[in-house]
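Report on one structure; see the data block that follows.
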There are 2 protein chains.
Amino acid sequence: MPNQPTRKSDRTRARILAAARELFGEHGFDGVSLRDIAGQADADPALLIRYFQSKDRLFAAAAEIDLRLPELTGARPDDVGCILAAHFVETWEDPRTGTGLRVLLRSAPTQKETAERMRAIFAGQVMPAIRAVDRSGASDWKAAIIASQVLGFALTRYILELPAMTHMPGDELARHLGRLIQTILDSERITDADP
Amino acid sequence: MPNQPTRKSDRTRARILAAARELFGEHGFDGVSLRDIAGQADADPALLIRYFQSKDRLFAAAAEIDLRLPELTGARPDDVGCILAAHFVETWEDPRTGTGLRVLLRSAPTQKETAERMRAIFAGQVMPAIRAVDRSGASDWKAAIIASQVLGFALTRYILELPAMTHMPGDELARHLGRLIQTILDSERITDADP
DNA sequence: GCGATATGTCAACAGTTGTTGAAAAATGGA
DNA sequence: TCCATTTTTCAACAACTGTTGACATATCGC
């Protein structure tokens, strides 16, 4: 039976992937061995290779994400910051999507390929979304600063876990971030003459 | 001769430390082996242990930093954001201080003790500095958000190296960041009634 | 029952890691 | 020169890594 709707191995494959996402998200690529993942998934280390070919490919599968940024073209310009911030908090708090993001952000600083993937996500998903709502000619620096804000919030709250950040309720966090994003979107390019 | 002004070994010790700072800052704790550092410092791997006892202690020595935040009590309130931002860019761009910061931020996501050290720096250096210039009762969340902004800038520019961030001139970066920090300092606490 | 295929287990490989202790070389004062 | 101390080198250790291939077990149509 080559391709039945649900094969026996698909469930263990999913178990392995779930364990990998959880451990990679908490300790990063180098902090987790295949035997660690195999132990958590109740599987043999050789199976991980059988199903995912290599540790890198397993990590790549665990780090697969889609930002699913909301459509912004129809939104009121003053609401864009709020919308983006709310979407950010939702995506990071929901384990189904947040775990993958944690995997990515946790390992990107020490894994060159992961950093490259984040750059690709920025160029392919974040920049187009900002361009769609920014009528000023050069919106690239706005996208970059917004990305730095969002990643700064994520880093301090979910990765470094600064107490002042983890203690903040999600909706308050969203309002702060929304305000800041809106500030960037509304601002003009800073020139040398600016104080 | 027990304690001459400059002993022979002090120079190789310094060479080892410099190599460690450079490599740890670029690849993180797990991405660098003692043999890598020894190779770069033209020394024997055993020497690193002899001088620093263990890899963890060597890393700790390489990650030793002091933010040296400027005295803000006398500054005009409207200038604080600009002052902090300028100090931030200087500290990160200067290799003497920037390398140590890179070591810290690169490894903090995967090294629990390094993350703990960053939390300590935040509590011991950043929060007091913000408290000194903020007259509103609760300035802790302001300090947390400012830290997230600063770390977001550092992460995207020096660690992930988003092109839109690395291409930005230092002074432009400082002006953007200064504006944002000032916005946070001037803002009031957000309540549920806030749109 | 049989045989084929899919699934899981086991032991072992070659390489790298941090760390150690003993031996060798360099250094400088007597 | 010889001696004592500092500085460096060398070889090896035990543990862990990703990965492999051979073997065992289960599953299911017939």
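A, B, ... follow the sequence lines: proteins, then strands. Residue 1 opens every chain.
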Original post:
For the side chain of Thr12(B), counting heavy atoms from C-beta on, which of dT8(D), dT7(C), dT19(D) is nearest?
Top reply: dT8(D)
Original post:
dG18(C) C1' sits how many Å from Phe24(B) CZ, rounded?
Top reply: 12 Å
Original post:
Considering only side-chain heavy atoms of Arg35(A), which listed nucleotide, dT19(C), dT9(C), dG18(D), is closest?
Top reply: dG18(D)
Subject >> Structure string for DNA chain C in dot-bracket form, Watson-Crick and G-U at under 3.5 Å, | interchain >> reply: |||||||||||||.|||||||||||||||.
**OP:** Ignoring the backbone of Asp44(B), work out which of dT19(D), dG21(D), dT9(D) is nearest its side chain.
**Re:** dT9(D)
**OP:** Indicate yes or no: does Arg175(A) engage Glu172(A) in a salt bridge with an N to O separation below 4.0 Å.
**Re:** no
Original post:
Is the charged tip of Arg106(A) near the ring of Tyr158(A): under 6.0 Å from the six-membered ring centre and within 45° of its axis?
Top reply: no
Original post:
Any Lys/Arg nitrogen of Glu90(B) or Arg68(B) sitting under 4.0 Å from an Asp/Glu carboxylate oxygen of the other?
Top reply: no
Original post:
Does OP1 or OP2 of dT7(C) have a side-chain N or O of Ser9(A) closer than 4.0 Å?
Top reply: yes
**OP:** Would you indicate which nucleotide in dC10(C), dT19(D), dG8(C) comes nearest to any side-chain atom of Ile49(A)?
**Re:** dT19(D)
Original post:
So which of residues 50-62 of chain B are in contact with DNA chain D, with a heavy-atom cut-off of under 4.0 Å?
Top reply: Arg50(B), Tyr51(B)
**OP:** Please answer whether the main-chain N or O of Leu48(B) pairs with a side-chain N or O of Lys55(B) as donor and acceptor at a distance below 3.5 Å.
**Re:** no
**OP:** Compare the minimum distances between each of dT19(C), dT9(D), dT19(D) and the side chain of Leu47(B), then state the nucleotide with the smallest one.
**Re:** dT9(D)
